[in-house]
Peer 1: 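After the structure tokens below, expect a handful of questions from me.
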Protein chains: 2
Amino acid sequence: MASLDRSIVANVPVLAGLNAADLDTILRDARSVRYPKDSSVFDQGAEAHSFFVLLHGHLRVEKTTPQGQQIVVRYVSAGELFGVAQAMGLKTYPATAIAVVDSVALSWPSKAWPQLIGQFPALAAGALQTVGNRLQDTQARVLEMSSEQVEQRVAHALLRLAKQAGRKVEQGVEIDFPISRQDVAEMTGTTLHTVSRILSAWEQQGLVEGGRQRIVLRDPHRLFGLAENHGKPDGERR
Amino acid sequence: MASLDRSIVANVPVLAGLNAADLDTILRDARSVRYPKDSSVFDQGAEAHSFFVLLHGHLRVEKTTPQGQQIVVRYVSAGELFGVAQAMGLKTYPATAIAVVDSVALSWPSKAWPQLIGQFPALAAGALQTVGNRLQDTQARVLEMSSEQVEQRVAHALLRLAKQAGRKVEQGVEIDFPISRQDVAEMTGTTLHTVSRILSAWEQQGLVEGGRQRIVLRDPHRLFGLAENHGKPDGERR
DNA sequence: GGTGGAATTTGCTCTATCGCAAGCCCACCG
DNA sequence: CGGTGGGCTTGCGATAGAGCAAATTCCACC
């Protein structure tokens, strides 16, 4: 199992820069767990007992306000470190992680973290980068929400999803897990209705192809144009 | 100078958990620099040659879109670590930092970072927490922008500013540095005009007191009510 | 093969907020 | 001490997009 893990773990960015022996040491403390579709890996507000690396599948990370409003913070794909709440100084998870397809993750007890980074500085550096990237993404999202209209934001979101979890199909690029209009709305700060309208319009223009919890980008390039331009109907881009 | 620095640095969270000897070692590589009001500490897109700890003053960190739209990412107060772009794996600064009052910062060459965290794991842990907190704040901001109306967002923003950089005055709590309506707008994803209208209304209700680049919260408690409630005109809060 | 509920689509109305335009006021400069 | 420019206020449309309602489609499961 350790050797199996080692090969799977080979392309986990945060563990890069560690030699085989160190990797073994680290993996010794890990447990591999299966999460069936729609089950939660951890829940917002729960004690942050573990941190994880996703080996297989996709997770949706969502955050809920006291009033019940919800947003999708991000999607986690295989190879990513997640659930590092404790390392960031939190006692509880700030969000909920849900498997959107059957998934498998390695988990470590949070209390092993201080010792691990003491022993393997590369791990700390990796974690810092992971969190740093996440911060960049989130700030970019704030910038988008402040400066772009809904249509552009949706276009950006879909392109990002396609990049992160796109699967080439005959028709274009399909997002590789079930995702509803509601989910897209919660990623872009709008409503289910507006997303539906936008996708319908795009479908008519042959930009995307939709379905129940399914989105295929037929013309990513033209979509990108939409995302960049100020929504100008075409012809007078600057 | 080293001893002066050491006493100032005593309440820098990210350096807590280091003994005097280690602190000396770390401070040996640092330079102390003065940044006059309105000067920039670093610029978005410039090579990330240094990271910093703010000793004195306040900075505004802002990010600009290719199209020129701008947002205020956050304000930095004394004691905070900032400019850690390189540690997060970036080659260039993702934002611009500008002194809003005369300020002083310690700076280290970015290239010293890997060695420092190798030598002092506590430093890595501290940086991770700093960045983690920032991530939490930014995600909270996304949540706010998705779920709240402008008035609530402005209320929240002011309360946060008051907490971070509030100074008690006879009239209430004053934000301890010059901040324009435009700045508040760029923190909350709205426009100068809307912020002005909101503050005017609040001023009439005795909630705040305004001025040129100046905001005093006269009744933080009632403001908090505004921020929490769904903007209900009062009387039917739940 | 039928069926119930979730996901989606779509029309219509309503409004919060933007965008523009104009004028004001104060702090600082010369 | 008057001038001026930056910051602020305010009125008035215009509108993107939210909210509500209802119909439709599509599975998943019986």
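By convention in this document, chain letters (A, B, ...) are assigned in the order of the sequence lines, proteins followed by strands, and residues within each chain are numbered from 1. In this text, all values refer to a predicted model and were calculated from it rather than measured experimentally.
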Peer 1: Mind calculating the distance between CG (D183(B)) and P (dG6(D)) to the nearest angstrom?
Peer 2: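 Answer to the nearest Å: 15 Å.
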Peer 1: Write down the distance between CG (L199(B)) and P (dT10(D)), rounded to a whole number of angstrom.
Peer 2: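 Taking CG of L199(B) and P of dT10(D), I get 11 Å after rounding.
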Peer 1: According to a strict under-4.0 Å criterion, is Q182(B) in side-chain N/O contact with OP1 or OP2 of dC8(D)?
Peer 2: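 Q182(B) to dC8(D) OP1/OP2: no side-chain N or O under 4.0 Å.
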Peer 1: Are the charged groups of R74(A) and D137(A) less than 4.0 angstrom apart, N to O?
Peer 2: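 The answer is no: the pair does not qualify as a salt bridge.
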Peer 1: For dA7(C), take OP1 and OP2 only and decide whether either is under 4.0 Å from a side-chain N or O of S196(A).
Peer 2: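 Indeed not, no polar side-chain atom of S196(A) lies that close.
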Peer 1: Can you see whether T96(B) engages E62(B) through a side-chain donor-acceptor pair at a distance of less than 3.5 angstrom?
Peer 2: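 There is no such pair (donor and acceptor under 3.5 Å, judged by atom type) between the side chains of T96(B) and E62(B).
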Peer 1: Measure the distance from CH2 on W202(B) to P on dC8(D) and round it to the nearest whole Å.
Peer 2: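 In whole Å, dC8(D) P lies 15 Å from W202(B) CH2.
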Peer 1: Can you tell which of dT25(D), dT9(D), dG19(D) lies closest to the side chain of S200(B)?
Peer 2: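 Within the option list, the nearest is dT9(D).
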Peer 1: Without swapping roles, check the side chain of R153(A) against the backbone of E148(A) for a donor-acceptor pair under 3.5 Å.
Peer 2: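 Answer holds: yes.
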Peer 1: Would you indicate which nucleotide in dC18(C), dT9(C), dT10(D) comes nearest to any side-chain atom of L192(A)?
Peer 2: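 Selected nucleotide: dT9(C).
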Peer 1: Ignoring backbone atoms, test whether T191(B) places a side-chain nitrogen or oxygen under 4.0 Å from the OP1 or OP2 oxygen of dG19(C).
Peer 2: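 No, outside the criterion.
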Peer 1: Using the side-chain heavy atoms of Q213(A), tell me which of these nucleotides is nearest: dG17(D), dA7(C), dG11(D).
Peer 2: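 That would be dA7(C).
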Peer 1: I'd like to know if R134(A) pairs up with E80(A) as an ion pair, taking the criterion as any Lys NZ or Arg NE/NH1/NH2 lying under 4.0 Å from an Asp or Glu carboxylate oxygen.
Peer 2: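 Salt bridge absent between R134(A) and E80(A).
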Peer 1: In whole Å, I'd like the distance from the CD atom of E148(A) to the P atom of dA16(D).
Peer 2: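 So the CD-P distance, E148(A) to dA16(D), works out to 16 Å.
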Peer 1: Closest approach to the side chain of H193(A), judged atom by atom: which nucleotide of dA21(D), dC18(C), dG7(D) is it?
Peer 2: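 Ranking dA21(D), dC18(C), dG7(D) by closest atom to the H193(A) side chain puts dA21(D) first.
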Peer 1: Tell me which nucleotide among dT9(C), dT17(C), dC18(C) gets nearest to the side chain of T194(B).
Peer 2: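 Selected nucleotide: dC18(C).
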Peer 1: How many Å lie between CD on Q149(B) and P on dC18(C), as a whole number?
Peer 2: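 Checked: the CD to P distance equals 11 Å.
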Peer 1: Under 4.0 Å between a Lys/Arg side-chain N and an Asp/Glu carboxylate O for R214(A) and E209(A)?
Peer 2: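 Between E209(A) and R214(A) there is a salt bridge, with a charged N closer than 4.0 Å to a carboxylate O.
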Peer 1: Roughly how many Å is it from CD1 in I198(B) to P in dA16(C), rounded to a whole number?
Peer 2: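 Rounded to the whole Å, the gap is 12 Å.
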Peer 1: Ignoring the backbone of R212(A), work out which of dC18(C), dA6(C), dG5(D) is nearest its side chain.
Peer 2: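 Selected nucleotide: dA6(C).
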Peer 1: Atom CD of E186(A) and atom P of dA18(D): how far apart are they, to the nearest Å?
Peer 2: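 Nearest whole value for this atom pair: 13 Å.
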Peer 1: So, does R197(A) get its side chain near the phosphate of dG17(D), meaning an N or O under 4.0 Å from OP1 or OP2?
Peer 2: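 Answer is no, no contact under 4.0 Å.
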